[in-house]
Amino acid sequence: MGGRIAALSQQCRDAWVKALAFPLPDSYRQVERVLVLGMGGSAIGGDLLAGLQAMAGELPVDVPRGYGGQQPEDERTLVVASSYSGNTEETLNAFEIAWKPGVKAVACTTGGALANLCRVKGVPVFPVECEGEARSAVGYSLFSLLGFVQRLGLASDRSKDVAEAIGEMNDLAREIVPDAPESRNPAKQLAVTALGKIVVVYAAQHLAAVARRWKTQIAENAKTWAFFELLPELNHNSVEGFRFPQGAADDFLIVMLRSGLYHHRITARDLTGELLKEEGIRYAALDARGKGPLGQIMTSILFGDYVSYYLAVLNGVDPSLSPNLDRLKSRLSEI
């Protein structure tokens, strides 16, 4: 797992280059929205792209997790079926419902039933060339989508943003890799702070999906309870729940992902930290690195991935294994 996290920036570069060169029909340019079908680590790229598109005021992206039938699809929709294994039952079900003659579709997968189904239907299959777990392929999950929408003219040119993001990731990596000692490694320091705590991640706008990523990585890699909440919504309800049950404050660590690109009224909500302090709840504020939204997204993801990895080490667990997920999938296959 450590090796795969360390290789994330290269994975992003590879996925971007291959997606830009991947042949898609010219008719795919005539769409009004993108629908990403996926679960877990295979869906997070859709969430991240949705945040980027919203920040830029460009083509909307929806990520309806779960089984199919939630939204109607037609010739104005680009359907992206994303499943690392190609055997995710929710994604397969949603894709079979979404696809019909005239619907523009593409799949991102390593193979499995999804690849076979797409070949039968004549749907392009973009190969995910990354070994490991679905959550380790976040570079492919996002940068393949970035390449598709740029190639099809559905988004502005993000070539400079991609170069900046990869450069920022490489710079940050030198500070937080395993060889960097705890005394000057902020990812290791935060993992130590999070040990024995329930982690709740706060974020907003383009970093909203990053908060989800932190939550899932801490849960899957470190086998630790984790949740995420979004600003400004949490300021309308969650802040009133800080007080009870008595003594619970000692069990939590709040991680606030901040950005100089947030709306100025979101930035003002750093006041939330004052409320946490008054209630005796420990929190850490992290400022996203990078000039643009994509750079901030990817450096924040890299930082969070390393925190989850170091927390797994502190918990004495193998971050690569997912025994509860495997057991659940096995039981579901029997029903």
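Atoms considered below: every heavy atom in the structure, side chains included; atoms not considered: hydrogens, waters and symmetry mates.
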Separation of Asn170 CG from Thr299 OG1 (nearest 0.5 Å) = 11.5 Å
Would you say Ser136's side chain and Gly132's backbone share a donor-acceptor pair under 3.5 angstrom?
-> no
Drop me the distance from Gln150's CD to Arg158's CZ, to the nearest 0.5 angstrom.
-> 8.0 Å
Heavy atoms from other residues, nucleotides or ligands near CZ of Arg29 exceed 12 (cutoff 6.0 Å) = yes
Under 3.5 Å: donor-acceptor pair, side chain of Glu279, backbone of Arg243 | no
When you check the side-chain N and O atoms of Glu229 and Ser238, is any donor under 3.5 Å from an acceptor?
-> yes
Thr77 vs Lys104 side-chain heavy atoms within contact, under 4.5 Å | no
Asn87 (side chain) donor-acceptor with Gly112 (main chain) under 3.5 angstrom | no
With the 4.5 Å side-chain cut-off for hydrophobic clustering, are Leu314 and Leu321 part of the same group?
-> no
Would you call the rings of Trp214 and Phe303 parallel, tilted or perpendicular if under 30° counts as parallel and over 60° as perpendicular?
-> parallel
Does a donor on one side chain and an acceptor on the other come within less than 3.5 Å for Ser156 and Glu58?
-> yes
Residue pair Val63 / Leu49, side-chain heavy-atom distance below 4.5 Å | no
Hey, any chance Met39 and Val79 share a hydrophobic cluster, counting ILVMFWY side chains that come within less than 4.5 Å of each other, even indirectly?
-> no
Residue pair Tyr84, Tyr140: steps toward the ring-ring contact (aromatic ring centres under 6.0 Å, His included) verdict = CA-CA 9 Å; Tyr84 179 80; Tyr140 266 92; 9.0 Å; no
Using 4.0 Å as the upper bound for N to carboxylate O, is an ion pair formed by Glu133 and Arg4?
-> yes
Indicate the atoms forming the closest heavy-atom contact of Leu207 with Ala288, along with that distance.
-> CD1-CB, 4.0 Å
Keeping the roles fixed (side chain from Ser300, backbone from Gln296), state whether a donor-acceptor pair exists under 3.5 Å.
-> yes
Take Val210 and Leu257 through the side-chain contact (heavy atoms from CB on, under 4.5 Å) test and state the conclusion after the steps.
-> CA-CA 9 Å; Val210 177; Leu257 302 182; 3.8 Å; yes
Rounded to the nearest 0.5 Å, how far apart are CD of Glu131 and CD of Gln11?
-> 11.5 Å
In terms of side-chain heavy atoms, does Asn237 have a donor or acceptor partner in Glu233 at a distance below 3.5 Å?
-> yes
When you check the gap from the basic side-chain N to the acidic O, do Arg65 and Asp47 get nearer than 4.0 Å?
-> yes
Under 6.0 Å from the six-membered ring centre of Tyr310 and within 45° of its axis: does the NZ or CZ of Lys188 meet both?
-> yes
Main-chain N/O of Ala137 paired with Ser141 side-chain donor or acceptor, under 3.5 Å = no
Do side-chain atoms of Tyr262 reach the backbone of Ala204 as a donor and acceptor pair under 3.5 angstrom?
-> yes
Gln246 atom CD, neighbour heavy-atom count above 12 within 6.0 Å = no
His263-Gln205 side chain donor-acceptor pair, cut-off 3.5 Å | no
Taking all atoms of both residues into account, what is the closest heavy-atom pair of Pro124 and Ala105, and its distance?
-> CD-O, 3.3 Å
Any side-chain heavy atom of Arg135 within less than 4.5 Å of one from Gln217?
-> yes
For Ser42 and Ser82, work out which heavy atoms get closest and say how close.
-> O-OG, 2.6 Å
May I ask you to decide if Gly111's main-chain N or O and Thr109's side chain share a donor-acceptor pair within less than 3.5 Å?
-> yes
Is any side-chain heavy atom of Phe22 closer than 4.5 Å to a side-chain heavy atom of Leu24?
-> yes
Ring center gap for Phe252 and Tyr283 short of 6.0 angstrom = no
Does a donor on one side chain sit under 3.5 Å from an acceptor on the other, for Asp287 and Ser259?
-> no
Lys/Arg N to Asp/Glu carboxylate O, Asp305 vs Arg213, below 4.0 Å = yes
Could you tell me whether the side chain of Val106 reaches within less than 4.5 Å of the side chain of Val125, counting heavy atoms only?
-> no
Within-4.5 Å side-chain heavy-atom neighbours: Met256 and Leu276 | yes
Can you check side-chain contact (heavy atoms from CB on, under 4.5 Å) on Leu117 and Trp99, steps first, answer last?
-> CA-CA 11 Å; Leu117 181 63; Trp99 189 89; over 6 Å; no
Do Thr91 and Ser83 have a side chain donor and acceptor closer than 3.5 Å?
-> no
Linking I/L/V/M/F/W/Y whenever any side-chain heavy atoms sit under 4.5 Å apart, do Leu286 and Leu261 land together?
-> no
Test side-chain contact (heavy atoms from CB on, under 4.5 Å) applied to Ile254 and Ile198, Val201, Ile281, the passing residue | Ile281
Would a hydrophobic clustering, with Ile, Leu, Val, Met, Phe, Trp and Tyr connected at side-chain separations under 4.5 Å, put Leu145 with Leu152?
-> yes
Residues Glu89 and Tyr67: side-chain donor-acceptor under 3.5 angstrom | yes
Atom CG in Leu146, atom CG in Leu294: separation rounded to 0.5 Å?
-> 6.0 Å
Just how far is it from atom OG of Ser320 to atom CG of Asn221, taken to the nearest 0.5 Å?
-> 7.5 Å
Steps toward side-chain contact (heavy atoms from CB on, under 4.5 Å) verdict (Leu8, Ile301) = CA-CA 10 Å; Leu8 180 56; Ile301 284 177; 4.2 Å; yes
Could you tell me whether Lys215 atom NZ has more than 12 heavy atoms of other residues or ligands within 6.0 Å of it?
-> no
Salt-bridge present (Asp270, Arg258; N to O < 4.0 Å) = yes
Short side-chain donor-acceptor distance under 3.5 Å, Asn185 and Glu175 = no
Atom CD1 of Ile218 and atom CG of Leu311: how far apart are they, to the nearest 0.5 Å?
-> 6.5 Å
Can Ser27 and Gln30 be counted as having a side-chain donor-acceptor contact under 3.5 angstrom?
-> no
State whether the number of non-hydrogen atoms from other residues, nucleotides or ligands found under 6.0 Å of Arg151 atom CZ is greater than 12.
-> yes
Are side-chain N/O atoms of Asp157 and Ser159 paired as donor and acceptor at under 3.5 Å?
-> yes
Side-chain heavy-atom pair Arg13, Ser9 within 4.5 angstrom cut-off = no
Do the non-hydrogen side-chain atoms of Val200 and Phe228 ever get within less than 4.5 Å of each other?
-> no
Please lay out, stage by stage, how Trp225 and Val199 fare under the test side-chain contact (heavy atoms from CB on, under 4.5 Å).
-> CA-CA 7 Å; Trp225 283 88; Val199 181; over 6 Å; no
Hydrophobic cluster identity match, Val61 and Met55, side-chain contacts under 4.5 Å = no
Nearest heavy-atom contact between Cys12 and Phe143 is SG-CE1, 3.4 Å
